S.K.: 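Have a look at this one before I ask anything.
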Amino acid sequence: MQFTHEHEEFRRTVARFVDDEINPNVAEWEHSEMFPAHELFKKMGDLGLLGVSRSESCGGLELGWEYEMILAEELGRSQAAGIPMAIGVQTNMATPALANFGNDEQKEEWLQPTYAGDMVAAIGVSEPNAGSDVASIKTTARKDGDDYIINGSKMWITNGFQADWICLLANTGEGSKHSNKSLIIVPLDAKGVNRNDRIKKIGMKASDTAQIFFDDVRVPQRNLIGAEGQGFVYQMQQFQEERLWLASQCLKALEMCVDETVNYARERKIFGGSVLDNQWVHFQIAEVQTEIEALRSLTYRAVEEMNEGRDATLLASMAKLKAGRLCRTVPDTCLQFWGGQGFTWDNVVSRMYRDMRLMPIGGGADEVMMRIISKMTGTAGSKRG
Amino acid sequence: MQFTHEHEEFRRTVARFVDDEINPNVAEWEHSEMFPAHELFKKMGDLGLLGVSRSESCGGLELGWEYEMILAEELGRSQAAGIPMAIGVQTNMATPALANFGNDEQKEEWLQPTYAGDMVAAIGVSEPNAGSDVASIKTTARKDGDDYIINGSKMWITNGFQADWICLLANTGEGSKHSNKSLIIVPLDAKGVNRNDRIKKIGMKASDTAQIFFDDVRVPQRNLIGAEGQGFVYQMQQFQEERLWLASQCLKALEMCVDETVNYARERKIFGGSVLDNQWVHFQIAEVQTEIEALRSLTYRAVEEMNEGRDATLLASMAKLKAGRLCRTVPDTCLQFWGGQGFTWDNVVSRMYRDMRLMPIGGGADEVMMRIISKMTGTAGSKRG
Amino acid sequence: MNFTPEHDAIRATSKRFVEEYLNPQCDEWEAAGIFPAHDVMKKAGDLGLLGISRPEKWGGGGLDYSYEMVFVEELGAVRSGGVGMAIGVQTNMAVPALARFGSDELREEYLRPTLAGDQVCAIGVSEPNAGSDVAAIKTTAIKDGDDYVINGQKMWITNGTQADWICLLCNTDPDGHKHANKSLIIVPLDAKGVTRETKIDKMGMRSSDTAIIFFDDVRVPRRNLIGEEGAGFTYQMLQFQEERIYAGGAAIKGLELVIEDTIEYTRQRKTFGTPILDNQSVYFRLCELMTEVEALKALTWSAVDDHINGRDATMKASMCKLKAGRLGREVTDSCLQYWGGQGFTWDNPVNRAYRDSRLTSIGGGADEIMLGIIAKLKGISPSKALS
Amino acid sequence: MNFTPEHDAIRATSKRFVEEYLNPQCDEWEAAGIFPAHDVMKKAGDLGLLGISRPEKWGGGGLDYSYEMVFVEELGAVRSGGVGMAIGVQTNMAVPALARFGSDELREEYLRPTLAGDQVCAIGVSEPNAGSDVAAIKTTAIKDGDDYVINGQKMWITNGTQADWICLLCNTDPDGHKHANKSLIIVPLDAKGVTRETKIDKMGMRSSDTAIIFFDDVRVPRRNLIGEEGAGFTYQMLQFQEERIYAGGAAIKGLELVIEDTIEYTRQRKTFGTPILDNQSVYFRLCELMTEVEALKALTWSAVDDHINGRDATMKASMCKLKAGRLGREVTDSCLQYWGGQGFTWDNPVNRAYRDSRLTSIGGGADEIMLGIIAKLKGISPSKALS
């Protein structure tokens, strides 16, 4: 990956935004388990940070996807991972299908205000009984006149309470489970939408996570994204961006864990030296840094593939898997060197330990990545195992 | 990394060379614990495969270093890792310092015939009591008239019995151990050179590994490479190429382990299915493939750094460390799925299990890499640990 | 280990205590961030569970440590790590030195009511700048007439706000060698000059009452000294030995429960049309974890066996603690993964275990301290090494 | 485990046998790719080491399995994995079924001379297309008059070229259910129709005499059947149980030696001006490995304890085997690393252990088979699962 002056400038802009607009507020947002999505996103929209890789017709800047990656990477500076995740939903999880397959009317009504930061978006795939196994969702959208009537419920919805609309995956037909689904734009102020109490999570506390119930919710059929029955396919494509985005976001977040740990271990005295003086400590840190650089390299390469229009599914899935693995080991290794401090709540490393535990679960669990990789490399065997 | 048509063509040339000239002979060379270096290298020289990144004055093709990487990567197709290693010594371990710091006379006398495949080269750094700790070598080169008189012994010398000359690291002065060393070209037919019995190794059997004794060996002082006292520094630089080369070479070798294992596991029946049908098996393979792609991405990125003239030491050391780690885990994981066959001698995966065990030891052990990474990232603490 | 009927009886009592009394209240205590230590200890005391291996003379059971360990094992099944830990402090961390080296007067005054569950106790070793490096503590106890006058600060004190007394490690000879200048002193926590704070917000062990305690010219009579002056470091090292075997024993059931809960959940939960448990990568992995837990169990009982047969168990105790710490992280992390999003939710049992057990590798001597001890005992640590 | 003086005596005898008799010859045997099985077995038999837990009536020691395990542990210190394994076949893999279910006549003819060391035996289970999947074997023994006529091929047979007889698993009812159609039959290896080949070139266990044995219309009398016809699969599963506890026990000393040798070497060898051992990353890592080996030891003895007390040890035996396999790879690989280039040389003791111990995860039921057994016993393998 060759970075130009423009890339570096953009990187600095994002870094400054995180330092000025996010980090000073993190403690409060974490504590209140909520952050002001409209306010924050509007500021980002004003800076042109939402939709950087999208076409102008979507309200984007038409830059390469590596700008999305840089955005995600620098958002990793956030001292709470819930905020970057919320932004990632807006930029790369809820909107790619609409940007790619939506019509102009839809783009004007939903996408432009979203990338401008005037609307908050959510993505509705997971359900109480269908997480990694997307094809088994139960929510239905039944045609009635010019409308769809939607019933069902969606779980783990990031931005769920504050979102203005959701990109909803629903069953619109019978048939095969891979060709009976559609993506539909649902305004969340529609009648019949209920958002219940927050889900209490171990981490990502600042993130606004809802379960959303749809009870005979009517939306016009023109809210269908692209072709009916193509929802599963669109969502699989949309997942590509989500996964690459997640891998990108982990990089700086993990590095922050390492850097903060190095700083702490350098200051902290034990047995007459610093904790960092222990070879056991700095060798483990060296190894962790190596793993992070490997993830970075893998992610960059996947982005290059994507930018060149090649199928990046395999490399994106690998990057997501590797990111998931590192999100379990790196904060754990780092936390250890903080001793009792590492076990306290308002410590950036212990927060990352809690926050990043979601990475190997959300956006397709590690096991789903392994399934995809096995299938794509032809090693999955003939039966399911 | 963007590969052009020329890169692909070069890759095919190397692949063909391995398939036609190396693999059909591997069984015999492994068995006889020797391979015909002059013959094989001459064929490579004729194809222009030696010295691809070197200047014309050295007899090279003046291509980017990524061609060296492609060469190393494709040599990984060799069914015995000893052959690629021998070639790597010729192209990227024994000759970079001479190419960078040697004078025209030296290049003509030693380097051009080496890259033409008319001479075989070796690199003389390790000693019986100094492996990873390079600065502690004991071999001396004392000035006497126009000559150096060399005494000492070198260990683990790849190509040792067949080499025409060795790039020898020796102490030419007293002073600090980092500034008292020089690199000297020593013709191995000189009086006083003794090469002893082969070292019996677990792997790299086809490789020609010698211990070489120098007993009052005289070489003219014009055989000094670059400046006297700069040998340690030159060797550290030369190690960069060696390490990147080793990481590159591992890629295909590890992939070969995986591919052969997949093929075997697909055919092999157990409990009414194939071994590959077991999810436990194909998930582990998916994970291993992910790790190999991460190493590839890291290596490519390090090569890009180098091509752009930036200091690639950190990324090269990380790539070497990661390669070392994978050379321990990947063949071990693969071998397991071969059952008893994996424990037999003439099995490509068990050969890789034995051969590749050298990677985390040779060219700077994993622990030396961690030391370098700790130092470069400023995490090494204030004392040695 | 061949268990006697008496072992079985203690196990049954302990199990009932955990399942019928403690577990139904755990969720409430976790939410409250505290539990009623006096009620719980009294209940345990009434059941005879607080001093199983302590002398009968002071109200203990007078049995060997294998009986204690049966209780500890069952305590591992408490659905709130903080509650189990609090009881462990009362039985195996704060009292061993008192029981063994304390004067009769002191044992009458403090040990008897503690074993009966009428008093709650704490152990005071860690300080803000001395955690695993025990010898670096700064708290002092200076003789003044018949009293010691104590100044300093203790950190991470389990049972800290509710305890009646603390077994305090302090420097009684600030200028002496750091291994010979310390003493263990019993300090009643209602003494003048004691201030307690609870501002430590922890990611796990939420029900545990963890305090910072300040000592500002606190006076205690000199007869509150345990054993000999200057022997405190040594006593504490001995006391740690019980704490560490305890750590091994207390970890086992909790980890087994995490695995069982995960089996249960993944058997019910379906993806791609089949139960998650039917995935070979899942049930093979669970078997691997069960093997590790079984190894920890065998190692712990082997340390107990050495201990009760008079063989030095220091090394094995350190190995138990280390292995318990390692598995606490590996088992809970691996299991949590198979719960998907549910695993990320707060009140999920595996999630709670994930947060609680993260302390095992840190508290009571971090993993790295255990490695240092083993290295020393094996004679392979360099003389000038940092640890 | 509290060892009796008799345990200690067996340990002393075993240790002497290993250190004074076997180890001085190991290098030679390794280089030769074979060792004199009859000499070695006779020596062991004379010392009373070949049937410690077998009935006295047939020349055994009549002791419980803990005494056997003391011997097995010491056998782990043989400096050539192949020799230890060969003796293990003689004591714990080929004879348990015969000792337990064989007729008196059969035991007189085969067990007695084997325990005395006058005969060398082998166990015949694996075939080219049936390794871990035992039920898939193809060798048949068809009744003809008073004989069985045997046809088929056995693979990976330890002691294969030197053995006097083999305990052969074969299908006596080719059409029956695969778990009820097999029998164990004693086949003298000098019988007509037996051909042995030794073309298996192995990366480790070089001293071991590993053969492929072909059976071409080999006739043995029907009285050579062990126990009941059709019960062979079950007998072999029982026999495997001893083999697997053996695998745990035999691994311990070898791994300890690898660690000790590594300590010794790294203490002498200097880099950057200090002994390699002084590196914290080295000695901490060694401590971690010692902890794991200690856990394996505790687990193994816990399985022995269950076994001798009549508790079902199947699961723990499988766990021992699994853990021994895992550690055989981890410990030797980690230690080899600290030897630098020396570790890569052939005749280095750690290198030999690295190559030899790689078999533990494969032979006698691979790691994955152990996982499958544990899963089954824990009730968590799906009914339709592949294993």
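Throughout, protein chains are lettered first and strands after them, A, B, ... in sequence-line order, and every chain is numbered starting at 1. Because the structure is predicted, anything quoted here is derived from the model rather than measured.
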S.K.: Side chain, backbone, both or neither: which part of D:Leu336 has a heavy atom under 4.5 Å from chain B?
M.R.: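 The answer is both parts of D:Leu336.
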
S.K.: Heavy-atom pairs under 4.5 Å with chain D - which of B:Ser350, B:Ala135, B:Ser126, B:Gly203 has more of them than the others?
M.R.: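 Between B:Ser350, B:Ala135, B:Ser126, B:Gly203, the count favours B:Gly203.
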
S.K.: How long is the straight-line distance from CD of D:Glu330 back to CZ of B:Arg328, given to the nearest 0.5 Å?
M.R.: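 With rounding to 0.5 Å, CZ (B:Arg328) is 10.0 Å from CD (D:Glu330).
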
S.K.: For a quick test of reading the model, state the closest non-hydrogen atom pair linking D:Tyr354 to B:Ile202 and the distance between them.
M.R.: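 Of all heavy-atom pairs spanning D:Tyr354 and B:Ile202, the closest is CE2-CD1, 4.2 Å.
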
S.K.: If you count heavy-atom pairs under 4.5 Å with chain B, which of D:Ser281, D:Gly204, D:Gly131 comes out on top?
M.R.: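 So the answer, after comparing D:Ser281, D:Gly204, D:Gly131, is D:Gly204.
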
S.K.: Given the options D:Asn129, D:Ile200, D:Asp347, which has more heavy-atom pairs under 4.5 Å with chain B than any of the others?
M.R.: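 Sorted descending by pairs with chain B, the first entry is D:Asn129.
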
S.K.: What part of B:Tyr353 gets closer than 4.5 Å to chain D, counting heavy atoms only: side chain, backbone, both or neither?
M.R.: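 B:Tyr353 touches chain D through backbone and side-chain heavy atoms alike.
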
S.K.: Could you tell me which non-hydrogen atom of D:Glu368 sits nearest to which non-hydrogen atom of B:Phe337, and how far apart they are?
M.R.: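 Shortest heavy-atom contact: OE2-CE2, 3.8 Å.
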
S.K.: For D:Leu371 and B:Trp280, work out which heavy atoms get closest and say how close.
M.R.: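 In this case the closest contact between D:Leu371 and B:Trp280 is CD1-CZ2, 3.6 Å.
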
S.K.: Please flag which part of B:Met204 lies under 4.5 Å from any non-hydrogen atom of chain D: side chain, backbone, both or neither.
M.R.: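 Both the backbone and the side chain of B:Met204 come within 4.5 Å of chain D.
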
S.K.: Distance from B:Asp133 atom CG to D:Ile276 atom CD1, nearest 0.5 Å?
M.R.: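 One gets 9.5 Å once the value is rounded to the nearest 0.5 Å.
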
S.K.: Between B:Asp332 and D:Arg329, is the side chain to side chain contact (heavy atoms under 4.5 Å, CB included) condition met? List the steps.
M.R.: CA-CA 8 Å; B:Asp332 178 70; D:Arg329 295 150 79 175; 2.7 Å; yes

S.K.: Given that the side chain runs from C-beta out, which part of B:Arg268 has a heavy atom under 4.5 Å from chain D: side chain, backbone, both or neither?
M.R.: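 When you check distances to chain D, only side chain atoms of B:Arg268 fall under 4.5 Å.
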
S.K.: Examine whether an atom of D:Thr345 lies under 4.5 Å from a heavy atom of chain B, and if so say whether it belongs to the side chain, the backbone or both; otherwise answer neither.
M.R.: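 For D:Thr345, backbone and side chain are both near chain B.
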
S.K.: Could you label the plane-to-plane angle of the B:Trp345 and D:Trp346 rings as parallel, tilted or perpendicular, counting under 30° as parallel and over 60° as perpendicular?
M.R.: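 It falls in the perpendicular class, over 60°.
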
S.K.: With a 4.5 angstrom heavy-atom cut-off, could you sort out which part of B:Asn347 is near chain D: side chain, backbone, both or neither?
M.R.: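 Contact with chain D is absent: no heavy atom of B:Asn347 under 4.5 Å.
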
S.K.: I'd like to know which of B:Ala365, B:Pro128, B:Gly340 tops the heavy-atom pair count under 4.5 Å against chain D.
M.R.: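 Result: the option with the highest number of such pairs is B:Gly340.
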
S.K.: Please identify, among D:Gly363, D:Ala366, D:Gly340, the residue contributing the most non-hydrogen atom pairs under 4.5 Å to chain B.
M.R.: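 Of the candidates given, the most pairs with chain B belong to D:Gly340.
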
S.K.: Under 6.0 Å from the NZ atom of B:Lys269, do we count more than 12 heavy atoms belonging to anything else shown?
M.R.: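 More than 12 heavy atoms, drawn from other residues, nucleotides or ligands, come within 6.0 Å of this atom.
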
S.K.: Taking every non-hydrogen pair under 4.5 Å, which of D:Arg352, D:Met203, D:Gln337, D:Lys202 racks up the most with chain B?
M.R.: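 Of the candidates given, the most pairs with chain B belong to D:Gln337.
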
S.K.: Looking at every heavy atom in both D:Arg269 and B:Ala130, which two are closest together, and how far apart are they?
M.R.: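 Distance-wise, the nearest heavy atoms are NH2-N, 3.9 Å.
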
S.K.: Restricting to non-hydrogen atoms, name the atom on B:Arg354 and the atom on D:Phe344 that form the minimum distance, rounded to 0.1 Å.
M.R.: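 Looking at all heavy atoms of both residues, the shortest contact is O-CE1, 3.1 Å.
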
S.K.: Would one find more than 12 heavy atoms of other residues, nucleotides or ligands at under 6.0 Å from atom NE2 of D:His179?
M.R.: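 Correct, the count exceeds 12.
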
S.K.: Compute whether any side-chain donor of one residue and acceptor of the other, for B:Arg371 and D:Asn279, lie under 3.5 angstrom apart.
M.R.: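 Present: a donor and an acceptor within the cut-off.
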
S.K.: Pick from D:Ile362, D:Asn351, D:Leu359: which one has the most heavy-atom pairs with chain B under 4.5 Å?
M.R.: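 Counting heavy-atom pairs under 4.5 Å, the top option is D:Leu359.
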
S.K.: Closest approach of D:Trp156 and B:Gln341, non-hydrogen atoms and distance?
M.R.: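 Heavy-atom minimum between the residues: CZ2-N, 3.6 Å.
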
S.K.: What option among B:Gly342, B:Pro360, B:Ser136 has the most heavy-atom pairs under 4.5 Å with chain D?
M.R.: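 Of B:Gly342, B:Pro360, B:Ser136, B:Pro360 has the most heavy-atom pairs under 4.5 Å with chain D.
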
S.K.: Given the options B:Asp366, B:Ile361, B:Leu358, which has more heavy-atom pairs under 4.5 Å with chain D than any of the others?
M.R.: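 Of the options given, most contacts go to B:Leu358.
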
